[in-house]
Amino acid sequence: MSNHKQNLYIYNSLSGQKEKFEPINTGHVGMYVCGPTLYSEPHMGNMRTFINFDMIYRYLLLHYKVKYVRNITDAGHITNSAGEEVDSIGKAARSEQLQSLEIVYKYNVKFQELQRIYNLLPPSIEPTATAHIEEQIEIIEKIIENGFAYIVNGSVYFDVKKYSEAFEYGTLSGRKIEELSEETRALNAQEEKHFFADFALWKKGSPDDMQIWRSPWGNGNPGWHIECTAMSTKYLGKHFDIHGGGMDLKFPHHEDEIAQNCGSLGCNPAKYWMHANMLNVNGQKMSKSLGNFFLPKEIVEGTTQLFTKPYSPNVIRFFMMQAHYRSNLDFTEDALNAAEKGFSRLTDAFHLIEKLKTSAQTSFNVQELVSSFYTAMDDDFNAPILIANIFEAVKRINLINDGNDTITQEDLNLLATALKTFLFDVLALQIGTLNNDSKLSPVMDLVLELRQEAREKKDWSTSDKIRDGLAAAGIVVKDGKEGTSWS
RNA sequence: GGUCUCGUGGCCGAGCGGUUAGGCACCGGUCUGCAAAACCGUCUACUCCGGUUCGAAUCCGGACGAGACCUCCA
């Protein structure tokens, strides 16, 4: 852990302000983030949220012992646009002609693979909804006991009106129940509800349900929101430090989680609520319903129509980190290309570090530069500022290399360590070694030697032929002061 | 219709009352057989109209424009 003095401020969605971060238990942080629903392969927008919380997790890890819980939704009924309760996983299972469990397994394998590709740290625990039916039932029972839920025909609904007599509903999303539009309701299954804003805690099973569980109210399925309450309580307690998720989960999901937690355990589950912003493509939120999404694997493999070439996961991650987690980010080819070049400049400078000559004195303030990395991140995880400051270090490294700045061995160590910490441990960028394609390397050495011989004989047509031929094969020849390299 | 967020230079994107954000591109230079690459330097913007202030991209009001949520989505 870092000995940097922690002075972290976090934007709390609950208050709409940056607040000083003070963990409930000194030195420890409990964080819960809403994970994916495994009815399809996570798209790039999903990944942005997980990547952002991975960055947040990683920075917290520098200073605290962190328990990071991210659930996997493999069951649960949600309410669709027609006001019907729908089992999204069951629906996917039917359309793919698989069992629910097969669907969940299939997409979980893909999700785990994506986490590897994008270098996400595994959470401390990744609990699934289906493994916590008991706990969900217990929470529902408590809510009923407290008088905030009612049973209708084998289903259980949360009673928002009763609840708002004791607690305030809508504190997170800033919504007031009177203001919630009523027009779309009073349809189909809605008839069972006393009030349009009520939501299902338990839904009575139907004969075509693929997954079904026993409960005190008969066989059925849990509602969508209750799993998070059950699992966060089980692993982090009834009140923990950080609850995160995508902006779009704020309402109704997180709002209802708060209601469930208050309704059963008497308190808001989290001290700090954090919401990551959406990913835009062509100015619009990337989402399944709009069909303008691409898969995290497609962009890495270059198989999406939206982009003309593939981008490495590092470049994608670097690109994402250049925008603040609470801002929208528009994916465009130009922006991605700019990020790719910037990342390569960063990489080049990083490789220069070990070749740098040290001096008796340092010509700039290394301590200040290093602490600027922490200051940036302490301000609500401002990764774009961190990167800007890292580029200040890049410039210094290049200036030292050119002999226009000097650095002592001690300061160089300090800078190198800090860069490694932030580049590798926080931003999770993987910077490999140069020209590490061992098979190609000897071949390239030979080719470049031949070209060098031609150049010495001033046989420009041969040397240019080699250079152009390599360029056509996607290999760039770089003539530098200390010889020729390639990439 | 309701709630909310946002409008920054060619592009992406920070900042949120006074100081150069940063990256990419452009331009100039160093290097080079010529290029490319690399490095250095330069470029100085905040939708519009009012107001507050010694001072506003930053605060307040209005207009226009964009987006999110209100129904599943990270």
Side-chain angles (χ1 to χ4, degrees), chain A residues 16 33-37 39-40 42-53 77-84 86 88 91 170 173-176 178-181 183-185 197 224 244-253 275-280 283-290 293 318-319 322-324 326-346 348-349 352 376 379 382-392 394-395 397-399 401-402 404 455-456 458-460 463-464 467-468 471 476-481 484-487:
Chain A
V33 172
C34 291
T37 300
Y39 64 103
S40 65
H43 63 238
M44 203 65 224
N46 295 296
M47 285 312 287
R48 159 128 115 131
T49 298
F50 301 136
I51 287 172
N52 271 140
F53 279 103
H77 273 219
I78 44 114
T79 311
N80 74 2
S81 52
E84 300 161 316
V86 172
S88 54
K91 200 174 144 197
S173 56
R175 256 167 255 267
K176 298 199 166 69
E178 316 86 68
E179 284 172 0
L180 290 164
S181 112
E183 66 216 52
T184 58
R185 323 299 151 144
W224 174 45
M247 207 77 111
D248 50 353
L249 255 32
K250 216 168 170 182
F251 186 90
H253 185 60
H275 290 94
N277 217 136
M278 305 289 99
L279 192 89
N280 284 186
Q284 274 195 306
K285 183 177 96 164
M286 169 188 278
S287 80
K288 262 167 215 164
S289 41
L290 286 170
F293 69 96
F318 177 73
F319 170 62
Q322 280 187 298
H324 188 89
R326 281 192 288 115
S327 297
N328 272 130
L329 175 62
D330 209 351
F331 252 69
T332 64
E333 185 125 42
D334 283 351
L336 243 17
N337 284 335
E340 188 169 54
K341 287 194 176 166
F343 182 62
S344 128
R345 190 157 104 88
L346 178 58
D348 288 349
L352 262 183
D379 183 17
N382 201 328
I385 295 290
L386 167 64
I387 289 174
N389 295 341
I390 286 176
F391 271 103
E392 175 64 23
V394 166
K395 183 183 268 186
I397 289 167
N398 288 327
L399 285 170
N401 189 237
D402 290 350
N404 294 320
R455 291 179 75 198
E456 275 158 18
K458 298 198 193 296
D459 177 4
W460 308 129
S463 84
D464 289 355
R467 183 217 286 161
D468 297 343
V476 183
V477 173
K478 300 173 189 174
D479 295 325
K481 256 185 225 163
T484 301
S485 64
W486 59 276
S487 66

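Below, read A as the first sequence line, B as the second, and so on, with proteins coming before strands; counting in each chain starts at 1. Predicted, not measured: the structure shown is a model, and the values here were computed from it.
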Separation between the P atoms of B:rG13 and B:rA68, rounded to whole Å: 15 Å
Using side-chain heavy atoms (C-beta onward) and a distance below 4.5 Å, is A:Glu333 in contact with A:Leu336? no
So for atom NZ, which belongs to A:Lys250, do other residues, nucleotides or ligands contribute more than 12 heavy atoms lying within a distance under 6.0 Å? yes
Can you tell me how far C1' in B:rG17 sits from the matching atom in B:rG22, rounded to whole Å? 22 Å
What does B:rC24 pair with, Watson-Crick or G-U, if both distances are under 3.5 Å? B:rG10
Any side-chain heavy atom of A:Ile385 within less than 4.5 Å of one from A:His324? no
Looking at A:Arg455 and A:Asp479, is any side-chain nitrogen of the basic one under 4.0 Å from a carboxylate oxygen of the acidic one? yes
Can you find a side chain N or O atom of A:Lys285 that sits less than 4.0 Å from OP1 or OP2 on B:rC69? yes
Counting only Watson-Crick pairs (N1-N3 plus N6-O4 or O6-N4) and G-U wobbles (N1-O2, O6-N3), all under 3.5 Å, who is the partner of B:rC43? none
For B:rA66, which nucleotide is its Watson-Crick or G-U wobble mate, given both distances must be under 3.5 Å? B:rU5
Taking atom C1' in both B:rU42 and B:rA25, what distance in whole Å separates the two? 14 Å
Could you check how far CG of A:Asp402 sits from C1' of B:rG41, rounded to whole Å? 12 Å
In short, A:Ala323 meets A:Arg48 closest at the heavy-atom pair CB-NH1, 4.4 Å
When rounded to the nearest Å, what value does the distance between C1' atoms of B:rA57 and B:rU8 take? 7 Å
Atom C1', compared across B:rC27 and B:rU44: separation rounded to whole Å: 15 Å
Taking the inter-plane angle between the rings of A:Phe331 and A:Phe319 on a 0 to 90° scale, is it parallel (under 30°), tilted (30 to 60°) or perpendicular (over 60°)? perpendicular
Atom-to-atom span, CZ of A:Arg326 to C1' of B:rC4 - whole angstrom: 14 Å
Separation of atom CG in A:Leu279 from atom P in B:rA68, rounded to whole Å: 13 Å
Mate of B:rC31 across any strand shown (Watson-Crick or G-U wobble, both atom pairs under 3.5 Å) is none
Strictly under 4.0 angstrom, non-hydrogen atoms only: write out the protein contact profile of nucleotides 31-36 of chain B, one letter per nucleotide from the 5' end, B, S or -. --BBBB
Pairs: protein N or O with nucleotides 26-29 of chain B N or O, under 3.5 Å:
none

Salt-bridge test for A:Arg345 and A:Asp348: reply yes if a basic N is under 4.0 Å from a carboxylate O, no otherwise. no
What is the base-pairing partner of B:rA56, counting Watson-Crick and G-U wobble geometry with both distances under 3.5 Å? none
Would you mind telling me which of B:rC70, B:rC40, B:rA74 lies closest to the side-chain atoms of A:His43? B:rA74
Between B:rC11 and B:rC26, how far is it from one P atom to the other, in whole Å? 15 Å
When the C1' atoms of B:rC24 and B:rU5 are compared, how many Å lie between them, rounded to an integer? 27 Å
Once you apply a heavy-atom cut-off of 4.0 Å, does A:Met278 come out as touching a base, just sugar-phosphate, or nothing? base
Rounding to the closest angstrom, what is the interatomic distance between B:rC60 and B:rC4 at atom P? 14 Å
For residues A:His43 and A:Met286, report the shortest heavy-atom separation together with the two atoms involved. CD2-SD, 3.8 Å
Looking only at heavy atoms, the pair that brings A:Phe391 and A:Phe318 closest together is CE1-CZ, 3.8 Å
Across all strands shown, which nucleotide pairs with B:rG17 by Watson-Crick or G-U wobble geometry, both distances under 3.5 Å? none
Taken to the nearest 0.5 Å, the spacing of A:Thr332 OG1 from A:Asn280 CG works out to 11.0 Å
When all nucleic acid strands are considered with a 4.0 Å heavy-atom cut-off, which category describes A:Leu399: base, sugar-phosphate, or nothing? sugar-phosphate
Counting any heavy atom closer than 4.0 Å, what does A:Gly45 reach on the DNA or RNA strands: base, sugar-phosphate only, or nothing? base
Heavy-atom contacts, protein to nucleotides 12-25 of chain B, under 4.0 Å, summarised as B (base), S (sugar-phosphate only) or - (none) per nt, yield SSSS-----BSBSS
